[in-house]
Amino acid sequence: MERTLVILKPSAVRRGLIGKVLTRFEDKGLQIIGMKMVFLSDSVLEVHYVHLKEKPFFKRIKDSMQVSPVVALCLKGVGVVEVVRAMTGPTNGRVAPAGTIRGDYSVSVQENIIHASDSAETAKVEVERFFKEDELFDYPQLMLPNIYANDEY
Ligand code: UDP
Ligand code: MG
């Protein structure tokens with residue numbers, strides 16, 4: 001089964017939305033296999049957001065991600081990368097549809113509540129960036145037969 005990385009950004013932590021966002025993933029039927037609070041260093045952010053490093057607003061993004069610790073999550077499920085991106089919604093919270101996490105909880109491009117890996121390849125790299133193998137837990141998801149058909153997983 002696939003894994004993906006989610007980061008509950010300072011906009012979620014400071015606004016007290018950790019529980020609400022976690023509940024969405026639990027309610028959806030995704031399994032949390034890793035979770036920790038971390039402070040993101042300059043060097044981690046420079047790698048994590050390397051595609052934005054040359055942008056004039058890179059420092060603003062970096063500062064925003066260091067306003068508080070964040071919560072890193074590793075979620076597991078069938079097609080979980082795509083499922084979580086759909087739940088996340090577009091980058092800009094002002095245009096993200098209602099029903100998505102960004103659409104329901106944000107009105108900003110930068111302060112948009114969560115990060116979610118954007119492809120299976122990125123997810124693999126990003127999960128390894130934030131979690132050591134012994135920080136990820138392989139435990140039975142007891143409701144699996146009620147979450148998927150037996151030929152889906
Ligand atoms: N971001 C921003 N301004 C922009 C583009 C991105 O502030 O014009 C921030 C925003 O917080 C976004 C993050 O940088 O979530 C990473 O950008 P990316 O294009 O990867 O968007 P995402 O994958 O998060 O939707
Ligand atoms: Mg991205």
Side-chain angles (χ1 to χ4, degrees), residues 1-133 135-137 147-148 152-153:
M1 238 187 250
E2 206 174 54
R3 295 167 168 188
T4 196
L5 179 88
V6 168
I7 298 172
L8 309 187
K9 297 183 179 188
S11 47
V13 174
R14 296 246 293 192
R15 288 176 53 197
L17 297 173
I18 295 172
K20 284 192 169 130
V21 177
L22 280 179
T23 294
R24 287 188 176 225
F25 296 131
E26 292 188 312
D27 286 350
K28 182 75 172 167
L30 305 177
Q31 190 183 24
I32 299 170
I33 62 162
M35 178 160 68
K36 62 180 174 183
M37 186 169 259
V38 280
F39 184 82
L40 301 180
S41 65
D42 286 351
S43 56
V44 164
L45 285 167
E46 276 157 27
V47 175
H48 187 69
Y49 283 141
V50 70
H51 58 296
L52 300 171
K53 216 176 157 196
E54 302 310 320
K55 301 278 188 198
F57 49 80
F58 181 66
K59 185 179 180 309
R60 190 196 74 203
I61 292 174
K62 198 150 65 71
D63 288 348
S64 150
M65 293 296 286
Q66 294 180 324
V67 159
S68 74
V70 301
V71 177
L73 294 177
C74 180
L75 300 175
K76 184 173 164 184
V78 175
V80 71
V81 174
E82 201 184 336
V83 168
V84 171
R85 279 297 282 199
M87 292 174 74
T88 299
T91 310
N92 183 348
R94 289 189 291 275
V95 302
T100 64
I101 293 166
R102 286 170 170 171
D104 287 351
Y105 297 122
S106 69
V107 284
S108 165
V109 176
Q110 177 177 279
E111 303 302 322
N112 60 1
I113 311 296
I114 72 168
H115 164 84
S117 304
D118 63 7
S119 71
E121 300 72 54
T122 316
K124 193 173 180 312
V125 173
E126 290 186 345
V127 167
E128 283 170 13
R129 177 174 304 141
F130 288 92
F131 290 95
K132 301 188 193 96
E133 206 42 52
E135 292 174 326
L136 296 172
F137 297 89
I147 290 174
Y148 301 106
E152 284 181 306
Y153 62 93

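Indexing begins at 1, ligand by ligand and atom by atom, following the structure's order.
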Exercise. What's the spacing between Q31 CD and R3 CZ if we round to 0.5 Å?
Worked result: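 Rounded to the nearest 0.5 Å, the CD-CZ separation comes to 10.0 Å.
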
Exercise. Who pairs with E111 by side-chain hydrogen bond (donor to acceptor under 3.5 Å, both in side chains), at least two apart in sequence or on another chain?
Worked result: S64

Exercise. Under the ring-ring contact (aromatic ring centres under 6.0 Å, His included) rule, what pairs show up with a residue in residues 59-98, not counting sequence neighbours?
Worked result: none

Could you list, one pair per line, each nitrogen or oxygen of ligand 1 together with any protein nitrogen or oxygen closer than 3.5 Å, giving atom names and the distance rounded to 0.1 Å?
from: ligand 1; atom 1: 7 (O); to: R60; atom 2: NH2; distance (Å): 2.9
from: ligand 1; atom 1: 11 (O); to: K9; atom 2: NZ; distance (Å): 3.0
from: ligand 1; atom 1: 11 (O); to: V109; atom 2: O; distance (Å): 3.4
from: ligand 1; atom 1: 11 (O); to: Q110; atom 2: O; distance (Å): 3.1
from: ligand 1; atom 1: 15 (O); to: K9; atom 2: NZ; distance (Å): 2.9
from: ligand 1; atom 1: 15 (O); to: N112; atom 2: ND2; distance (Å): 2.9
from: ligand 1; atom 1: 20 (O); to: H51; atom 2: NE2; distance (Å): 2.8
from: ligand 1; atom 1: 21 (O); to: T91; atom 2: OG1; distance (Å): 3.3
from: ligand 1; atom 1: 23 (O); to: R85; atom 2: NH1; distance (Å): 3.0
from: ligand 1; atom 1: 23 (O); to: R85; atom 2: NH2; distance (Å): 3.4
from: ligand 1; atom 1: 24 (O); to: R102; atom 2: NH2; distance (Å): 2.9
from: ligand 1; atom 1: 25 (O); to: T91; atom 2: OG1; distance (Å): 2.6
from: ligand 1; atom 1: 25 (O); to: R102; atom 2: NH1; distance (Å): 2.9

For this session: Check the angle between the aromatic planes of Y49 and H115 and answer parallel, tilted or perpendicular using the 30° and 60° thresholds.
Result: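 Aromatic pair Y49/H115 classed perpendicular.
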
Exercise. Can a salt bridge be assigned to the pair R24 and D104 using a cut-off of 4.0 Å between side-chain N and carboxylate O?
Worked result: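 Looking at R24 and D104, the cut-off is met.
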
Using atom types as modelled, flag every donor-acceptor pair under 3.5 Å from a side chain in residues 32-47 to any protein atom, sequence neighbours excluded.
from: K36; atom 1: NZ; to: F130; atom 2: O; distance (Å): 2.7
from: K36; atom 1: NZ; to: E135; atom 2: OE1; distance (Å): 2.8
from: K36; atom 1: NZ; to: E135; atom 2: OE2; distance (Å): 3.3
from: S41; atom 1: OG; to: S43; atom 2: OG; distance (Å): 3.2
from: S41; atom 1: OG; to: V44; atom 2: N; distance (Å): 3.1
from: D42; atom 1: OD1; to: K62; atom 2: NZ; distance (Å): 3.4
from: D42; atom 1: OD1; to: Q66; atom 2: NE2; distance (Å): 2.9

